Amino acid sequence: MSIRELLHTDEDDSAKWQQGELIEVEITDLSDTGDGVGRFDDRVVFVPDTVPGDRAIIRLLHVKPKYAHAKLHTLSRPSLRRIRPSCIVADKCGGCQWQHISYEYQLEAKRNQVIQALERIGGFVHPPVDPVLRAPSAFGYRNKSTYPVGKSATGQVQAGYYQKGSHQLVNLNQCPVQDARLNPLLAEVKQDIHTSQWQVYDERRHTGQIRHLSLRIGRRTGEMLLTIVVKDWNLPGIEKLSAVWLKRFPGLVGVCLNRNSDRTNAIFGNETRCIAGISYLREQFAGLEFQVRPDTFFQVYTETAEAMTQEIQKELNLQGTEVLVDAYCGIGTLTLPLAKQVRSITGLEVQAEAVEQAILNARNNNINNVTFVVGAVEKLLPQMDILPDIVLLDPPRKGCGSDVIESLRRKQPRRIVYLSCKVATLARDLKLLCADGMYTITRIQPADFFPQTAHVEAAAFLVLSSRSQGYLAP
């Protein structure tokens, strides 16, 4: 059948704008979720697995008056930016979105995503966005992978990522974006779980035991940590099998169980037990040594996180006299590398377990000019007696609360560094910080922490405007 016959070209455009219909579009952009964006009769269409420059026949799935979501049916003309994916299940697996896009264009698209958010949400004109810090490697970079566990139709234990747009598991024995040293662990532990006849968790019935496999590795040390997320602790033979794993896998330093007995989409529960070995791995980062536990937040791309830390150090040009506050400090991955370059630094963090690790990491690295405080940043920051020279912000995806923004505008630190994992909330918060000309953005440095996905992170550097210095709002 010809393309003309396939598209029913004798029909008008309004008749084609219906669920299930095939239409032809030119893909001109990428959305912030990674889908290709095309237009049909002044309507927007979002199409996964497409690239700007593609001419594609697509099938409409979810249709609204002004926009629709669709799936790729046939490529009429592939884009010059399109490449062959490295992974054989890239078109199914939801772990990556952009393996079909050249890496150079991925970087260009991520910078454009930051610019568009700052312009559309923040209202900034020509924001000073630098080229994206490129990753040293576009594959084999993840130091942590967490896989849901399921069963095949024949009863075989499976682990992998969910298929795009579904809850159907794509079984994996290796993953090209995770550190290759984790691949044998994934394949063999999955088989051992099957042999042990432990029951896989069924989320609909809330029955079974094994929910997730979590694999971590120290990129610099090679130490690995295996964590099995379970509904309860009852896994007969886990101690014996854990000892076997420690002997079988070079670099494996610990096997842990994490209990999550709730009906929830959250992966980890609140309690972790070490079954064999030790409950943490060691990693070298920015010239320091960190202990990383199963549920510790630590950037998944060690080398890119280190490069971003170096950018922050270079931009701040610290002289050893500064007083810093590191809000949302976690286990101190940014606090501790900066500590030796300043007079003092205070880390604020809501998770008590993370603060315990931060204090331990400071002690292990002989860093004594750091204070860590447990509590919500929006409560702690307004109460602090000190007036910091510099405030570092690294909030979760929801960004800073209004109380944090207002507190910063009252305290008026000379400089703010805002490290963001979601550029939409970054743009929103920068608009508030820069209102009335109080702060000026000197530069924004995006970085690629997640190659092969649409995710981009960015550090915004702000300085207090000269007319604001010395003025404290009542």
Side-chain angles (χ1 to χ4, degrees), residues 85-97 99 139-196 198-204 208-219 224-231 235 238 241-242 245 248-249 251-252 254-260 262 264-269 272 275 281 292-301 450-453 455:
S86 297
C87 180
I88 59 173
V89 294
D91 61 331
K92 301 180 181 67
C93 178
C96 296
Q97 302 142 303
Q99 282 201 33
F139 291 96
Y141 64 86
R142 289 190 66 105
N143 58 36
K144 177 186 178 184
S145 295
T146 303
Y147 299 101
V149 179
K151 271 197 171 184
S152 70
T154 59
Q156 186 70 32
V157 172
Q158 298 182 319
Y161 292 115
Y162 290 119
Q163 190 168 342
K164 297 174 183 178
S166 79
H167 214 59
Q168 184 70 34
L169 201 64
V170 177
N171 188 44
L172 300 175
N173 288 319
Q174 60 180 4
C175 177
V177 296
Q178 77 177 6
D179 189 305
R181 291 170 288 183
L182 294 173
N183 286 330
L185 201 60
L186 171 62
E188 296 185 39
V189 167
K190 186 174 56 174
Q191 181 58 45
D192 288 341
I193 290 173
H194 178 80
T195 303
S196 298
W198 295 328
Q199 295 300 305
V200 170
Y201 179 71
D202 185 322
E203 63 182 356
R204 292 173 298 178
Q209 289 290 90
I210 310 295
R211 299 180 69 142
H212 287 83
L213 296 181
S214 179
L215 318 178
R216 301 198 86 143
I217 187 167
R219 294 277 287 173
M224 296 187 293
L225 199 60
L226 167 64
T227 304
I228 304 175
V229 181
V230 294
K231 194 181 80 167
L235 280 187
I238 182 60
L241 188 52
S242 296
W245 286 333
R248 186 192 304 170
F249 300 108
L252 184 63
V255 178
C256 300
L257 291 184
N258 174 270
R259 184 178 67 171
N260 183 353
D262 296 335
T264 175
N265 290 328
I267 295 174
F268 284 99
T272 300
I275 304 301
L281 60 81
V292 181
R293 298 178 186 172
D295 56 352
T296 297
F297 174 77
F298 194 83
Q299 289 284 4
V300 299
Y301 204 142
F450 295 87
Q452 315 308 327
T453 78
H455 187 80

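Treat the numbers as computed from the prediction; the structure is a model and nothing was measured.
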**Request:** List the steps, then state whether side chain to side chain contact (heavy atoms under 4.5 Å, CB included) holds for Y161 with C175.
**Result:** CA-CA 10 Å; Y161 292 115; C175 177; 4.3 Å; yes
**Prompt:** Which atom pair, heavy atoms only, marks the closest approach of L241 to S196?
**Reply:** CD2-OG, 3.6 Å
**Asked** Do you know which two heavy atoms are closest between G150 and V200, and how far apart they sit?
**Response** CA-CG1, 3.6 Å
**Request:** Please round to the nearest 0.5 Å and tell me the distance separating atom CD1 of I228 and atom CD1 of I238.
**Result:** 4.5 Å
**side chain to side chain contact (heavy atoms under 4.5 Å, CB included) between F298 and N143, worked out** = CA-CA 9 Å; F298 194 83; N143 58 36; 4.1 Å; yes
**NZ on K92 to CG on N171, rounded to 0.5 Å** = 13.0 Å
**Message:** For the CD1 atom of I267 and the NE2 atom of H212, what is their distance to the nearest 0.5 Å?
**Reply:** 4.5 Å
**Prompt:** Taking the side chain as C-beta and beyond, is there a heavy-atom pair between R211 and P148 under 4.5 Å?
**Reply:** no
**Asked** Side chain of S152, backbone of T154: donor and acceptor closer than 3.5 Å?
**Response** yes
**Asked** Atom CG of L252 and atom CZ of R181: how far apart are they, to the nearest 0.5 Å?
**Response** 13.0 Å
**Asked** Distance only, no hydrogens: is a donor on one side chain within 3.5 Å (strictly under) of an acceptor on the other, for Y147 and Q178?
**Response** yes
**Prompt:** Under 3.5 Å, side chain of Q209 to main-chain N/O of Y201, donor-acceptor pair present?
**Reply:** no
**Prompt:** Looking only at atom types and distance, does a side-chain atom of R216 sit under 3.5 Å from a main-chain N or O of T296, one as donor and one as acceptor?
**Reply:** yes
**Item:** Test item: D202 side-chain N/O and R204 main-chain N/O as donor-acceptor pair under 3.5 Å
**Value:** yes
**Message:** Which heavy atom of K144 sits nearest to which heavy atom of S214, and what is that distance?
**Reply:** CE-OG, 3.9 Å
**Prompt:** Would you call R142-D179 a salt bridge at under 4.0 Å N-O?
**Reply:** no
**Request:** Answer yes if the side chains of T227 and N258 hold a donor-acceptor pair under 3.5 Å, and no otherwise.
**Result:** no
**Request:** Might you work through the side chain to side chain contact (heavy atoms under 4.5 Å, CB included) test for T146 and L213, ending with a clear yes or no?
**Result:** CA-CA 6 Å; T146 303; L213 296 181; over 6 Å; no
**Item:** Backbone N/O of P451 and side chain of Y141: donor-acceptor pair under 3.5 Å
**Value:** yes
**Prompt:** Do the rings of H455 and F450 sit parallel, tilted or perpendicular, given the 30° and 60° boundaries?
**Reply:** perpendicular
**Where L186 and A159 come nearest, the two heavy atoms and their spacing** = CD1-CB, 4.2 Å
**Prompt:** What's the shortest heavy-atom distance between S242 and V255, and which atoms?
**Reply:** OG-CG1, 3.3 Å
**Item:** Q99 and P176, any side-chain heavy atoms less than 4.5 Å apart
**Value:** yes
**Item:** Lys/Arg N to Asp/Glu carboxylate O, R248 vs D192, below 4.0 Å
**Value:** yes
**Request:** To the nearest 0.5 Å, tell me how far I193 CD1 sits from K151 NZ.
**Result:** 11.0 Å
**Request:** Using the side chain to side chain contact (heavy atoms under 4.5 Å, CB included) rule, take F249 and E188 through it: C-alpha gap first, then chi angles, then the decisive distance, then the call.
**Result:** CA-CA 10 Å; F249 300 108; E188 296 185 39; 3.8 Å; yes
**Message:** Rounded to the nearest 0.5 Å, what separates atom SG in C93 from atom CD in Q163?
**Reply:** 9.0 Å
**Request:** Give a yes or no on whether the backbone of A266 and the side-chain of N260 come within a donor-acceptor separation of less than 3.5 Å.
**Result:** yes
**Item:** Contact summary for L225 and V292, nearest pair of heavy atoms
**Value:** CD2-O, 4.0 Å
**Prompt:** Any donor and acceptor pair, going by atom type alone, linking the side chain of T195 with main-chain N or O of Q191 inside 3.5 Å?
**Reply:** yes
**Request:** Mark yes or no for whether K190, through its side chain, and L172, through its backbone, hold a donor-acceptor pair below 3.5 Å.
**Result:** yes
